[in-house]
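Pasting a structure here, questions to come.
As the structure is a prediction and not an experimental result, all values here were calculated from the model. Because only heavy atoms are used, hydrogens play no part in the values below, and waters and symmetry mates are left out as well, while side chains stay in.
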Amino acid sequence: MHPAEPRSVSAVRPAGQPLLAFVGLGWSVVQKLSLSSLPFLLPAVLVLLVTPPGLAQPAPTTPTTTTIERVVAVVDGRPLLLSELRAMERVRGLSEPAALEALVDERLMYLEASRLPQAEVLPDEEQRAAAELLERRPELSEAVPAPDLRRLVSQQVAILKYVEFRFRPQLRVSDQEVRSAFEADPSAGDSWEAAKERVRARLERRALDERVEAWVRELRGRADVRYVERPAPPAAP
C-alpha cells in the first residue's frame with residue numbers, strides 16, 4: 001500500500017460538470033426523503049480459485065486465480081472494495097482511475113455526513129432513491145449487482161442531505177448579483193421579472209458547488225488514503 005497524495009476532485013470530474021451532479025442522484029431525490037441510519041459495510045476480501053471449464057477429467061494443471069473481491073484502497077482505516085469500484089465505474093461511466101478517485105471522495109464525504117443525524121437514510125428512502133435511478137437508467141439493473149447499487153445510492157443520498165443541511169442555509173445571493181448576471185447573459189431573455197428566479201437558482205447552484213469543492217479539498221487534506229496495488233498474476237508453470 002502506498003500513501004496517497006491529496007488530489008483535487010476536479011482532476012477526475014469531467015470538465016464543466018458540477019460536483020453535485022457528479023455525485024449522481026440530484027436534489028429531487030433529497031427533497032423526497034426523510035432521515036434514518038446507515039451502517040458502515042466492511043466486507044472481507046475474497047479470492048476464489050477456479051479450475052478452467054471444459055476439462056473432461058481432473059488434470060494436474062495450475063488453477064486459474066480469479067479475483068472475486070479485493071481491497072483497492074483504504075480510507076481512514078476503512079477499506080474500499082473492488083465491487084464498489086466496479087459499481088462506481090458503471091453508474092458514472094468513468095474509467096477505473098477516475099472511478100477510484102470518485103470513490104475515495106465519496107467515501108470521505110459519506111464518513112463526514114454519517115456523523116450528522118439529519119443525513120441518516122431509512123431503508124425505504126434508499127429503495128425509493130434506487131428505484132428512481134433505475135427508472136432513469138434501467139440498464140444498471142443488469143450492469144450493477146443490486147446490493148452494490150443500493151449501497152452506492154444510500155451513501156449518495158446521505159451526502160446530498162448533509163450538503164443540503166450544512167451548506168444550503170449559508171448561501172446568500174444578492175439582488176445585485178442576480179441583476180448583474182442577468183445583464184451579462186444574452187440567453188437570459190428580455191424579461192427581468194421572468195428570468196430573475198432562474199438566474200438566482202443558477203448562481204446558488206454555482207455557489208453551492210464551490211462550497212462542496214472546498215469541503216472535499218479539506219477532507220482530502222486531512223485524510224489518510226492508501227491505494228492498494230493490483231495483485232501480480234500468478235507465475236506461469
Report task. Using a 4.5 Å cut-off on heavy atoms from C-beta on, say whether the side chain of Y110 contacts that of D105. Result ->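 Not touching, per the 4.5 Å side-chain cut-off.
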Requested in this report: Check whether any side-chain heavy atom of R230 lies under 4.5 Å from a side-chain heavy atom of E96, and answer yes or no.
Outcome: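 R230 vs E96: side chains touch.
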Report task. Could you tell me which non-hydrogen atom of S174 sits nearest to which non-hydrogen atom of E177, and how far apart they are? Result ->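 Here S174 and E177 meet closest at N-OE1, 2.8 Å.
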Query raised in the report: Taking it one step at a time, do V72 and V228 satisfy side-chain contact (heavy atoms from CB on, under 4.5 Å)?
Result: CA-CA 5 Å; V72 295; V228 180; 5.7 Å; no
Report task. Of all the heavy-atom pairs spanning A73 and L100, show the shortest one and how long it is. Result ->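 So the minimum-distance heavy-atom pair works out to CB-CD1, 4.3 Å.
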**Report entry** Sub-4.5 Å side-chain heavy-atom contact between E101 and Y227
**Finding:**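 With C-beta onward as the side chain, the pair touches.
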Query - Test log, rule salt bridge (Lys or Arg N to Asp or Glu O under 4.0 Å), inputs R137 and E139 - result: CA-CA 5 Å; R137 302 272 309 281; E139 73 278 6; 2.6 Å; yes
Query - Side-chain ion pair, R151 and D148, N-O less than 4.0 Å - result: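 A salt bridge links R151 with D148.
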Requested in this report: Answer yes when R86 and E69 have at least one side-chain N-carboxylate O distance shorter than 4.0 Å, and no when they do not.
Outcome: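 No.
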Query raised in the report: Going from CG on L111 to CD on E106, what distance comes out if it is rounded to the nearest 0.5 angstrom?
Result: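 Here the rounded value is 10.5 Å.
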Query raised in the report: Where is the tightest heavy-atom contact between I159 and W215, given as atom of each residue plus distance?
Result: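 Looks like CG2-CZ3, 4.5 Å.
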Query raised in the report: Side chains of V199 and D185: closer than 4.5 Å at any heavy-atom pair?
Result: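 Side chain of V199 against side chain of D185, heavy atoms only: no contact under 4.5 Å found.
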Query raised in the report: Which pair of heavy atoms, one from P79 and one from V71, lies closest together, and at what distance?
Result: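 In this case the closest contact between P79 and V71 is CB-CG2, 3.8 Å.
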Query raised in the report: If you draw a 6.0 Å radius around CD in E135, do more than 12 non-hydrogen atoms from other residues or ligands fall strictly inside?
Result: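 Counting neighbours around CD of E135, 12 or fewer heavy atoms of other residues, nucleotides or ligands fall under 6.0 Å, so no.
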Requested in this report: Look at R205 together with E210 and state whether they make a salt bridge at an N to O cut-off of under 4.0 Å.
Outcome: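 Between E210 and R205 there is no salt bridge, as every charged N stays at least 4.0 Å from the carboxylate O atoms.
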Query raised in the report: Has the side chain of R200 got a donor or acceptor atom that lies under 3.5 Å from a matching backbone atom of V178?
Result: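 No; judged by distance alone, with no hydrogens or angles, the pair does not exist.
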**Report entry** Presence of salt bridge, R202 and E197, under 4.0 angstrom
**Finding:**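 Not counted as a salt bridge, because no side-chain N and carboxylate O are separated by less than 4.0 Å.
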Query raised in the report: Atom CZ of F182 and atom CD of E193: how far apart are they, to the nearest 0.5 Å?
Result: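 That separation rounds to 9.5 Å.
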Report task. Could you tell me whether R179 and D175 make a salt bridge, using a distance below 4.0 angstrom between a side-chain N and a carboxylate O? Result ->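 Salt bridge: no.
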Requested in this report: Could you walk me through whether Y162 and L160 pass the side-chain contact (heavy atoms from CB on, under 4.5 Å) test, one step at a time?
Outcome: CA-CA 5 Å; Y162 176 90; L160 290 168; over 6 Å; no
Report task. Quick one: pull up CZ in R220 and CE in M109 and give me the separation to the nearest 0.5 Å. Result ->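 So the gap between those two atoms works out to 9.5 Å.
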Query raised in the report: Is there a side-chain contact between L80 and V74 (heavy atoms, below 4.5 Å)?
Result: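 No, too far: nothing below the 4.5 Å cut-off.
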Requested in this report: Start with the C-alpha gap between L81 and R70, add the side-chain angles, then the distance that decides, and say whether side-chain contact (heavy atoms from CB on, under 4.5 Å) holds.
Outcome: CA-CA 6 Å; L81 302 176; R70 67 179 178 88; over 6 Å; no
**Report entry** Pair S180, E183: side-chain N/O donor-acceptor within cut-off below 3.5 Å
**Finding:**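 On atom types as modelled, these side chains do not qualify, holding no pair under 3.5 Å.
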Query raised in the report: Are any of the side-chain heavy atoms of D76 and V225 separated by less than 4.5 Å?
Result: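 With C-beta onward as the side chain, the pair stays apart.
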Query - Straight-line distance of L149 CG to S154 OG, nearest 0.5 Å - result: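 With rounding to 0.5 Å, CG (L149) is 11.0 Å from OG (S154).
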**Report entry** Over all atoms of both residues, closest heavy-atom pair of V157 and A129
**Finding:**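 That would be CG2-CB, 3.8 Å.
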Query raised in the report: What do you reckon, is CD of E142 surrounded by more than 12 foreign heavy atoms closer than 6.0 Å?
Result: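 Counting neighbours around CD of E142, 12 or fewer heavy atoms of other residues, nucleotides or ligands fall under 6.0 Å, so no.
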Report task. Any chance you could measure L203, atom CG, to R172, atom CZ, to the nearest 0.5 Å? Result ->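 The CG atom of L203 sits 15.0 Å away from the CZ atom of R172.
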Report task. Find the distance between CZ (R211) and CZ (R206) and round it off to the nearest 0.5 Å. Result ->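 If we round to the nearest 0.5 Å, R211:CZ and R206:CZ are 14.5 Å apart.
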Query raised in the report: Under 4.0 Å between a Lys/Arg side-chain N and an Asp/Glu carboxylate O for E89 and R92?
Result: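 Looking at R92 together with E89, the answer is no, because their closest N to O distance does not fall below 4.0 Å.
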Query raised in the report: How far apart are the closest heavy atoms of A87 and L152, and which atoms are they?
Result: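 In this case the closest contact between A87 and L152 is O-CD2, 4.2 Å.
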**Report entry** Check: V75 main-chain N/O paired with R226 side-chain donor or acceptor under 3.5 Å
**Finding:**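 Flag not set: sc R226 to bb V75 has no pair under 3.5 Å.
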Query raised in the report: Would you call E112-R222 a salt bridge at under 4.0 Å N-O?
Result: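 Counted as a salt bridge, because a side-chain N and a carboxylate O are separated by less than 4.0 Å.
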Report task. Begin with the C-alpha distance, continue with both residues' side-chain angles, and end with the deciding distance and a verdict on side-chain contact (heavy atoms from CB on, under 4.5 Å) for L116 and F165. Result -> CA-CA 9 Å; L116 185 73; F165 181 85; 3.5 Å; yes
Report task. Could you tell me whether a side-chain N or O of Q170 sits under 3.5 Å from a main-chain N or O of R166, the two making a donor and an acceptor? Result ->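 Answer holds: yes.
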